[in-house]
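Here's the structure, in structure tokens; my notes come after.
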Amino acid sequence: QVQLLESGGGLVQAGGSLRLSCAASGRILSIGAMYWYRQPPGKQRELVTTTTGGGSTIYSGSVKGRFTISRDNAKKTVALQMNSLQPEDTAVYYCAADVTTPTISRNKYWGQGTQVTVTS
């Protein structure tokens with residue numbers, strides 16, 4: 001099977017920065033698109049940003065210019081650099097990835113989430 005493990009969440013003051021990382025492990029043949037989602041308290045999960053297997057990136061309007069997604073294919077990791085954080089960024093952040101294994105092609109796997117709290 002495939003596991004995704006997030007790290008780097010925590011508490012930060014408004015205006016501060018935080019870097020999240022996510023590492024994939026298991027019997028992985030290839031990884032396509034990778035994603036960061038977030039779920040604020042009492043709200044639905046939303047897509048924050050994604051990077052395709054070809055390197056293209058897409059950001060939601062609320063984070064564009066503040067957040068940056070990056071990936072390291074050799075290490076099978078994806079990172080989210082978050083700058084100029086605001087209280088409305090407070091959420092549980094989840095990474096996800098489209099992964100091909102010896103038995104399943106391009107299945108989407110999810111991490112367990114990491115809490116990011118921004119104080120005013």
Side-chain angles (χ1 to χ4, degrees):
Q1 75 279 19
V2 174
Q3 299 87 39
L4 300 181
L5 180 61
E6 299 106 332
S7 62
L11 184 69
V12 65
Q13 293 186 58
S17 297
L18 210 57
R19 184 178 179 87
L20 307 182
S21 295
C22 176
S25 61
R27 283 182 148 262
I28 297 170
L29 296 181
S30 65
I31 301 176
M34 305 185 83
Y35 316 80
W36 286 101
Y37 291 82
R38 69 185 181 186
Q39 186 167 20
K43 299 185 180 297
Q44 296 113 322
R45 182 181 61 195
E46 65 178 358
L47 178 65
V48 177
T49 180
T50 181
T51 177
T52 70
S56 299
T57 58
I58 301 172
Y59 297 89
S60 70
S62 62
V63 309
K64 191 173 185 179
R66 300 188 297 121
F67 291 11
T68 303
I69 188 171
S70 61
R71 64 191 292 165
D72 187 326
N73 291 326
K75 296 181 179 179
K76 299 183 179 64
T77 61
V78 61
L80 182 65
Q81 178 66 45
M82 303 184 293
N83 298 326
S84 302
L85 283 163
Q86 299 300 314
E88 52 264 38
D89 296 316
T90 294
V92 177
Y93 283 72
Y94 300 89
C95 70
D98 297 333
V99 179
T100 295
T101 69
T103 56
I104 303 175
S105 178
R106 294 184 292 274
N107 194 42
K108 191 168 187 174
Y109 293 85
W110 294 81
Q112 293 181 316
T114 186
Q115 177 70 48
V116 172
T117 302
V118 184
T119 61
S120 59

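This structure is a prediction, so every number in the text was calculated from the model and none was measured.
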Legend entry - side-chain contact (heavy atoms from CB on, under 4.5 Å) between N107 and V99, worked out: CA-CA 5 Å; N107 194 42; V99 179; 5.9 Å; no

Inset, instruction - Go through D98 and Y35 one step at a time and tell me if the side-chain contact (heavy atoms from CB on, under 4.5 Å) criterion holds. - result: CA-CA 9 Å; D98 297 333; Y35 316 80; 2.6 Å; yes

Inset, instruction - Could you give me the CA-CA distance, side-chain angles and deciding distance for R66 and D89, then say whether side-chain contact (heavy atoms from CB on, under 4.5 Å) is met? - result: CA-CA 11 Å; R66 300 188 297 121; D89 296 316; 2.8 Å; yes

Inset, instruction - Check the pair S21, K75 against side-chain contact (heavy atoms from CB on, under 4.5 Å), reporting the backbone distance first and the verdict last. - result: CA-CA 11 Å; S21 295; K75 296 181 179 179; over 6 Å; no

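Here the straight-line distance linking atom NZ of K76 with atom OG of S25 works out to 9.5 Å at 0.5 Å rounding. For the atom pair Q81 CD and L20 CG, the distance stands at 9.0 Å (nearest 0.5 Å). Taking OG1 of T68 as the reference point, atom CE of M82 lies at 11.0 Å (rounded to 0.5 Å). Separation of atoms OG1 (T77) and CD1 (I31) is listed at 8.5 Å; rounding is to 0.5 Å. Distance CZ/R38 to CZ/R45: 14.0 Å, rounded to 0.5 Å.
Remark: K64 NZ is loosely packed, at most 12 non-hydrogen atoms of other residues, nucleotides or ligands lying under 6.0 Å away.
With hydrogens and angles disregarded, no donor-acceptor distance shorter than 3.5 Å links the side chain of R71 to the backbone of G55. With hydrogens and angles disregarded, a donor-acceptor distance shorter than 3.5 Å links the side chain of T49 to the backbone of I58. When atom types are taken as modelled, the side chain of T101 and the backbone of I28 share no donor-acceptor pair closer than 3.5 angstrom. A donor-acceptor distance shorter than 3.5 angstrom exists from the side chain of E6 to the backbone of Q112, with no hydrogens or angles considered. Put simply, the side chain of T50 gets close to the backbone of M34: a donor and an acceptor are under 3.5 Å apart. Side-chain N or O atoms of T117 include none that pairs as donor or acceptor with a backbone N or O of T90 at under 3.5 Å.
Residue V92 is not grouped with residue L11 when hydrophobic side chains (ILVMFWY) are merged at heavy-atom distances under 4.5 angstrom, including chains of intermediate members. Taken together through direct or relayed side-chain contacts under 4.5 Å among Ile, Leu, Val, Met, Phe, Trp and Tyr, Y109 and V78 form part of one hydrophobic cluster. Grouping the Ile, Leu, Val, Met, Phe, Trp and Tyr side chains by contacts below 4.5 angstrom, directly or via other members, places V116 with F67. V2 and W36 fall within the same hydrophobic cluster, where Ile, Leu, Val, Met, Phe, Trp and Tyr residues are linked whenever their side-chain heavy atoms come under 4.5 Å apart, directly or through other members. In terms of hydrophobic clustering, with Ile, Leu, Val, Met, Phe, Trp and Tyr side chains grouped at heavy-atom distances under 4.5 Å, Y59 and V48 are assigned to a common cluster.
The two atoms that bring P87 and A14 nearest to each other are CD-CB, 4.2 Å, heavy atoms only. Taking both residues in full, the closest heavy atoms of G10 and L18 are given as N-CD2, 3.9 Å, listed atom of the first, atom of the second, then distance.
Within the 4.5 Å cutoff, side-chain heavy atoms of L29 are placed close to those of P102. Contact check for E88 versus P40: no side-chain heavy atoms found under the 4.5 Å cut-off. With contacts defined as side-chain heavy-atom distances shorter than 4.5 Å, the pair R19/S70 qualifies.
The aromatic rings of W110 and Y94 lie perpendicular to each other, with more than 60° between the two planes, well past the 30° mark.
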